[in-house]
Undergrad: 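Submitted below is the structure of interest, expressed as structure tokens.
Computed from heavy atoms alone, side chains included, the values below leave out hydrogens, waters and symmetry copies. These numbers come from a predicted model, not from an experiment.
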Amino acid sequence: MKKTIALWAALTAVALLVTGCTAEGQAATPAPGTPGSTSPVAPSAMDPSAEDRAVGAASVAAAYRKWGLKPFAAPPAPPAVKPVVRKPGGPVPVISDIPTTEKIVFITIDDGAEKDPEFVRMMKDLKVPVTMFLTDSAIRGDYRYFAPLAAQGHGVANHTLTHPNLRTLSRDAQRREICGQQAKLAKEYGTTPRLFRPPYGNWNEDTRAAAGTCGVDAIVLWRESMQIKNMQYQRGDRKLHPGDIILAHFRGPSELKGRTMTEMTATMLRRIQEQGFTVARLEDYV
């Protein structure tokens, strides 16, 4: 701001010298932004942060444009009280969506088989929050791939050790699958997950009991699943609803008919935007 005012003052002084006006003949024109001035003020002079905001918005737009997308609207501030909370000593909640009236949805990505470096760059550019439900048998070949995603703030959650149909297992066997993956994820990424997703969405009361003993706060299912180019909806109206949880997978060209993980993700984000929604962080609500 000081530089801007100084520049206007210098230009005014030059103008006075050229026209022959002096303090005796005519009062000097106050510099823009100073008392008595009627001259327009540059936005950055009125608000030093305006220029920073403009630069930031342009940077975000460029990052999204790189992936063929338009920026999302900022999500609302997280609620002061989380709408999904496990009561002390109570059963683990099982959820497919979050109770809210805000036009927000939540992205979850399962398994971890595909490890595309471009996806890490995409998430760094877009800063769209996702929660990763990771299976040890899918990620153990390269645990470090997911470390930068976790460092970006994306959630790390539990999807069992070996991806079994939990309904076919005893409570003790389910507990080994869930608690075993809790320990591995805590070791690799530094935090014990609070959220769990049963493979195939299959669970029973033994699953809830086993998950509860492993420190799980919620069993997370879904309302929509992202396929190659479109979403599959559970509701008959085939629309997103406020608070919906969306399922996607770490998949590559061999499973996406030649499309990449980033292409699938970009398509999913467009489908969300087309319906007027933005993306919020699941862990802020559960």
Side-chain angles (χ1 to χ4, degrees), residues 67 69 72 75 84 93-100 103-116 119 122-123 126 128-135 137-139 146 149 154-160 162-167 181 193 195-204 207 211 216 218-283 285-286:
W67 301 100
L69 297 165
F72 275 96
V84 179
V94 181
I95 60 172
S96 299
D97 50 47
I98 299 296
T100 181
K103 294 200 73 174
I104 55 174
V105 294
F106 305 91
I107 295 174
T108 62
I109 310 179
D110 280 13
D111 301 340
E114 177 69 11
K115 302 171 184 66
D116 184 353
F119 179 73
M122 182 185 207
M123 291 295 97
L126 302 185
V128 174
V130 304
T131 300
M132 305 177 291
F133 286 86
L134 302 177
T135 299
S137 59
I139 69 172
F146 301 93
L149 291 166
H154 302 295
V156 174
N158 187 333
H159 198 41
T160 71
T162 65
H163 208 272
N165 179 352
L166 293 178
R167 288 179 185 169
Q181 182 65 340
L195 306 181
F196 168 70
R197 172 169 287 155
Y200 318 106
N202 290 344
W203 65 279
N204 55 26
T207 312
V216 169
I219 293 174
V220 180
L221 304 180
W222 61 90
R223 283 293 185 182
E224 291 83 26
S225 61
M226 184 62 198
Q227 304 302 307
I228 298 173
K229 294 184 179 180
N230 293 293
M231 288 191 193
Q232 287 184 349
Y233 297 87
Q234 294 180 357
R235 300 185 186 92
D237 62 6
R238 296 181 57 79
K239 293 180 180 178
L240 295 173
H241 290 241
D244 278 1
I245 296 170
I246 299 171
L247 164 67
H249 290 85
F250 284 95
R251 290 176 175 165
S254 63
E255 295 179 289
L256 297 175
K257 295 184 178 180
R259 292 170 67 85
T260 65
M261 176 83 182
T262 57
E263 288 173 326
M264 180 274 292
T265 302
T267 300
M268 174 173 58
L269 297 177
R270 290 189 196 99
R271 298 292 177 263
I272 294 169
Q273 285 184 321
E274 288 166 359
Q275 298 186 49
F277 284 79
T278 194
V279 181
R281 185 173 181 269
L282 181 60
E283 289 80 358
Y285 289 77
V286 183

Undergrad: Main chain of Asp111, side chain of His159: is a donor-acceptor contact present, judged purely on distance under 3.5 Å?
TA: no

Undergrad: Ignoring hydrogens, what is the shortest heavy-atom contact between Ala157 and Pro193? Give both atom names and the distance.
TA: CA-CB, 3.9 Å

Undergrad: Can you name the closest pair of heavy atoms from Ile104 and Phe277 and give their distance?
TA: N-CD2, 3.6 Å

Undergrad: Determine whether His241 and Arg235 satisfy the following criterion, side chain to side chain contact (heavy atoms under 4.5 Å, CB included), listing intermediate values before the conclusion.
TA: CA-CA 10 Å; His241 290 241; Arg235 300 185 186 92; 3.2 Å; yes

Undergrad: Please tell me if the side chains of Glu114 and Ser254 come closer than 4.5 Å, counting only heavy atoms from C-beta onward.
TA: no

Undergrad: Just wondering, do Phe250 and Met132 contact through their side chains at under 4.5 Å, heavy atoms?
TA: yes

Undergrad: Is there a side-chain contact between Leu221 and Pro198 in this structure, where contact means two heavy atoms from C-beta onward sitting under 4.5 Å apart?
TA: yes

Undergrad: Under the criterion side-chain contact (heavy atoms from CB on, under 4.5 Å), which of Ile219, Val216, Leu282 is the partner of Leu195?
TA: Leu282

Undergrad: Between Ala138 and Ala113, what is the shortest heavy-atom contact and its length?
TA: CB-N, 3.9 Å

Undergrad: To the nearest 0.5 Å, how far apart are CZ in Phe106 and CD in Glu283?
TA: 9.5 Å

Undergrad: Between Leu256 and Arg251, what is the shortest heavy-atom contact and its length?
TA: CD1-O, 3.5 Å

Undergrad: Rounded to the nearest 0.5 Å, how far apart are CD1 of Ile246 and CG of Asp97?
TA: 11.5 Å

Undergrad: Main chain of Leu134, side chain of Gln181: is a donor-acceptor contact present, judged purely on distance under 3.5 Å?
TA: yes

Undergrad: Which heavy atom of Gly258 sits nearest a heavy atom of Glu263, and at what distance?
TA: O-OE1, 4.3 Å

Undergrad: Thr135 and Ser137: side-chain donor and acceptor closer than 3.5 Å?
TA: no

Undergrad: Between Val84 and Tyr285, is there a side-chain heavy-atom distance shorter than 4.5 Å?
TA: no

Undergrad: Could you tell me whether the side chain of Ile107 reaches within less than 4.5 Å of the side chain of Ile272, counting heavy atoms only?
TA: yes

Undergrad: Under the side chain to side chain contact (heavy atoms under 4.5 Å, CB included) rule, what do Leu240 and Arg271 come out as? Steps first, then yes or no, please.
TA: CA-CA 9 Å; Leu240 295 173; Arg271 298 292 177 263; over 6 Å; no

Undergrad: Going through the distances and angles, do Met261 and Ile109 end up as a side chain to side chain contact (heavy atoms under 4.5 Å, CB included)?
TA: CA-CA 11 Å; Met261 176 83 182; Ile109 310 179; 4.0 Å; yes

Undergrad: Does the side chain of Val220 come within less than 4.5 Å of Val286's, by heavy atoms?
TA: no

Undergrad: Using every non-hydrogen atom in the two residues, find where Phe133 and Asn158 come nearest and quote the distance to one decimal.
TA: CD2-O, 3.5 Å

Undergrad: Could you check if a side-chain atom of Leu166 sits within less than 4.5 angstrom of a side-chain atom of Trp203, using non-hydrogen atoms only?
TA: no

Undergrad: Find the distance between OG1 (Thr108) and CE (Met226) and round it off to the nearest 0.5 Å.
TA: 13.0 Å

Undergrad: Counting C-beta onward and ignoring hydrogens, is there a side-chain heavy-atom pair between Thr265 and Met123 closer than 4.5 Å?
TA: yes

Undergrad: Output the distance between atom CE (Met268) and atom CE (Met264), rounded to the nearest 0.5 Å.
TA: 5.5 Å

Undergrad: Checking the side chain of Glu224 only, and the main-chain atoms of Met231 only, is there a donor and an acceptor separated by less than 3.5 Å?
TA: no

Undergrad: Start with the C-alpha gap between Val105 and Gln275, add the side-chain angles, then the distance that decides, and say whether side chain to side chain contact (heavy atoms under 4.5 Å, CB included) holds.
TA: CA-CA 11 Å; Val105 294; Gln275 298 186 49; over 6 Å; no

Undergrad: Atom CD of Glu255 and atom CD1 of Ile228: how far apart are they, to the nearest 0.5 Å?
TA: 9.5 Å

Undergrad: Look up atom CG in Leu149 and atom NZ in Lys115, then write down how far apart they are to the nearest 0.5 Å.
TA: 12.0 Å

